[in-house]
Amino acid sequence: MGPTLSERLVTWQRQHGRHHLPWQNTRDPYRVWLSEIMLQQTQVSTVLGYYDRFLALWPTVADLAAASLDEVLAQWAGLGYYSRARNLHRCAQAVVSAHGGTFPRQAEVLATLPGIGRSTAAAIAGFCFDERVTILDGNVKRVLTRALNWEGDLSVTRHERWLWDAASLLVPEQGADMPAYTQGLMDLGATVCTPRKPQCLLCPWQPQCLGLQAGRAAELPVKTRKLKRSRRESWCLWIEQGGQTWVAQRPDTGVWAGLWTFPMWASEGAALRVQQALQPERVDTQPPITHVLTHLDWVLHLSRLSVPAQVDVQAVLQASQAADPVAAMEPVAAGPSPRSAEGMATLGFPAPFQRWLTGR
DNA sequence: AATTCGGGGGC
DNA sequence: GCCCCAGAATT
């Protein structure tokens, strides 16, 4: 028989897994939780800088809870999936107000908190509290479907449920092995059982892997989901007037919720009419860029305007906000307002606007 | 059950 | 171009 799959994985992780990521070598649930949220659908290399910055700014969950949502969003800017930042903030406040500033220890309770689903709850409970519950992230789905040579379509819900059950059966008997086991699942998927060209010769499960035996490991998992992106086109005006820049905050739902952008219009004509009303001294119209989001190709046009001091920008923008839906400015949470350079630095801008503002 | 949320890495 | 990434919440 030999060692079980979980025993093999635990031994392998201790010898060959990753041990020096910034969120490892701690059982502080705050640090583990913060890393797990940032790492949702996001690669390790992308998270590194953000993680250290958040910890430096907010060393404890109480510090984070005491921050404003705007501060958190500004620090999260560029990382994507901004509902994570909103839920991060809500979760910190819930931990403080409903749990006395201490994270709950059971996965089932953790999963009731904002932004913590079943997999993240299991990661926290396993890493910090030795609870015998399984994660099920992209790594585990790939590792498991290959090890079991299981060809179920992952876009089908009941297949996911089946995988949860299969993964649950594999957890180690000893709670003390849970941190290494959970990390092992992640490390195996990230470093050996990779999406393409898996390094099966290095795999601790190689003797048992049914996918490898069938010669199908590299073709799993099966996912039929086809992604069709819609297209949207917007015209942005970068309005500068006497050292100030006009910005608007996006509504608290939808794409880039709560972040800041230049005022935007859904038609070229509407933007041009506003541009004309502003009587700019200089106009710099840049080639459009296509910003790719998960479900959207967003074509963004940008004209940079220098507007004389005597022009009432506020009035022009308000009139455009109030215009009929076709000609109106795109919806904002709060009316556009001018910001100094220092003020701009405290706001969160989506990646393409960040690039424009910093000159790439 | 299907959609909606970003942005970057790697090939 | 394509798929993937320490997924969750919403509809």
Side-chain angles (χ1 to χ4, degrees), chain A residues 17-18 21-24 31-51 73 76-88 90-91 110-127 134-143 153-161 163-164 167 179 181-191 193-197 218-219 221-230 250-259 289-298 348-355:
Chain A
R18 297 172 292 183
L21 295 168
W23 41 86
Q24 293 185 287
R31 295 183 173 230
V32 172
W33 163 72
L34 179 61
S35 74
E36 291 299 329
I37 303 300
M38 286 186 168
L39 287 161
Q40 287 170 3
Q41 297 295 287
T42 308
Q43 296 184 349
V44 167
S45 60
T46 304
V47 166
L48 290 173
Y50 286 88
Y51 182 77
L73 280 172
W76 196 275
L79 197 51
Y81 282 163
Y82 297 97
S83 64
R84 289 186 295 172
R86 296 177 164 275
N87 287 329
L88 187 84
R90 287 175 50 209
C91 182
L110 285 164
T112 68
L113 292 167
I116 302 183
R118 182 173 175 181
S119 188
T120 298
I124 299 169
F127 280 134
T134 190
I135 60 169
L136 188 67
D137 60 12
N139 290 313
V140 182
K141 289 174 184 171
R142 185 170 57 252
V143 168
D153 184 350
L154 285 189
S155 44
V156 178
T157 300
R158 71 171 176 280
H159 290 345
E160 280 227 15
R161 181 173 304 280
L163 261 188
W164 272 110
Y181 177 75
T182 303
Q183 189 65 49
L185 287 173
M186 298 170 173
D187 292 349
L188 193 60
T191 67
C193 195
T194 48
R196 275 173 302 190
K197 298 184 180 178
E219 302 165 42
V222 174
K223 241 179 273 183
T224 60
R225 154 192 152 223
K226 60 177 191 311
L227 173 72
K228 63 166 184 240
R229 281 197 188 92
S230 55
R250 294 185 57 80
D252 62 7
T253 59
V255 174
W256 297 336
L259 273 71
I289 63 163
T290 300
H291 186 69
V292 180
L293 297 85
T294 305
H295 291 88
L296 181 64
D297 284 336
W298 201 340
F349 292 92
F353 292 85
Q354 252 176 24
R355 283 192 289 268

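Below, each value reflects all heavy atoms present in this structure, side chains not excepted, and no hydrogens, waters or symmetry copies. Protein chains get the first letters and strands the later ones, always in sequence-line order, with residue 1 at the start of each. All figures in this text were calculated on a predicted structure; none of them were measured in a lab.
- Backbone-only engagement by A:Gly78 is indicated by non-hydrogen atom pairs under 4.0 Å involving sugar-phosphate atoms exclusively.
- Shown here are the side-chain contact (heavy atoms from CB on, under 4.5 Å) partners of A:Leu48, two or more places apart in sequence or in another chain: A:Pro22, A:Trp23, A:Val44.
- Using a 4.0 Å heavy-atom distance criterion, A:Thr182 is classed as making no nucleic acid contact.
- Atom NZ in A:Lys228 sits about 19 Å away from atom C1' in C:dC3, given to the nearest Å.
- Using a 4.0 Å heavy-atom distance criterion, A:Ser83 is classed as making no nucleic acid contact.
- Position along DNA chain C of the nearest nucleotide to A:Gln24 versus A:Arg229 favours A:Arg229 as the more 5'-ward residue.
- A side-chain donor from one of A:Asn87 and A:Arg90 sits under 3.5 Å from a side-chain acceptor of the other.
- In secondary-structure terms, DNA chain B builds stems of at least 3 consecutive Watson-Crick or G-U pairs, each pair having both distances under 3.5 Å, at B:1-5 with C:7-11, B:7-11 with C:1-5.
- Among the heavy atoms of the strands, none lies under 4.0 Å from A:Ala123.
- Here A:Arg161 lies out of heavy-atom contact (under 4.0 Å) with every strand.
- Rounding to whole angstrom units, CD1 of residue A:Ile124 and P of C:dA8 are separated by 10 Å.
- DNA chain B is contacted by both A:His295 and A:Phe349; A:His295 maps to the nucleotide lying nearer its 5′ end (nearest heavy atom per residue).
- Within 4.0 Å (heavy atoms only), A:Trp256 reaches sugar-phosphate atoms of the nucleic acid but no base atom.
- Between A:Thr290 and A:Asp297, the side chains place no donor N or O within less than 3.5 Å of an acceptor N or O (distance only, hydrogens not considered).
- Of all the residues in residues 38-46 of chain A, A:Gln41, A:Thr42, A:Gln43 reach under 4.0 Å from DNA chain B with at least one non-hydrogen atom.
- Legend: residues meeting side-chain contact (heavy atoms from CB on, under 4.5 Å) with A:Pro352, ordered by chain and number and at least two apart, are A:Trp256, A:Ile289, A:His291, A:Leu300, A:Pro350, A:Arg355.
- A residue-by-residue look at A:Val255 and A:Arg196 shows that A:Val255 has its nearest nucleotide of DNA chain B further toward the 5' end.
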Protein N or O to nucleotides 9-11 of chain C N or O, pairs below 3.5 Å:
from  : atom 1 : to       : atom 2 : distance (Å)
C:dA9 : OP1    : A:Gly115 : N      : 2.5

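- Qualifying side chain to side chain donor-acceptor pair (under 3.5 Å) partners for A:Gln40, counting only residues two or more places apart in sequence or in other chains: A:Thr120.
- A straight line from CD of A:Glu219 to P of C:dC4 spans 13 Å, rounded to a whole angstrom.
- A donor-acceptor pair shorter than 3.5 Å cannot be found between the side chains of A:Thr294 and A:Arg229.
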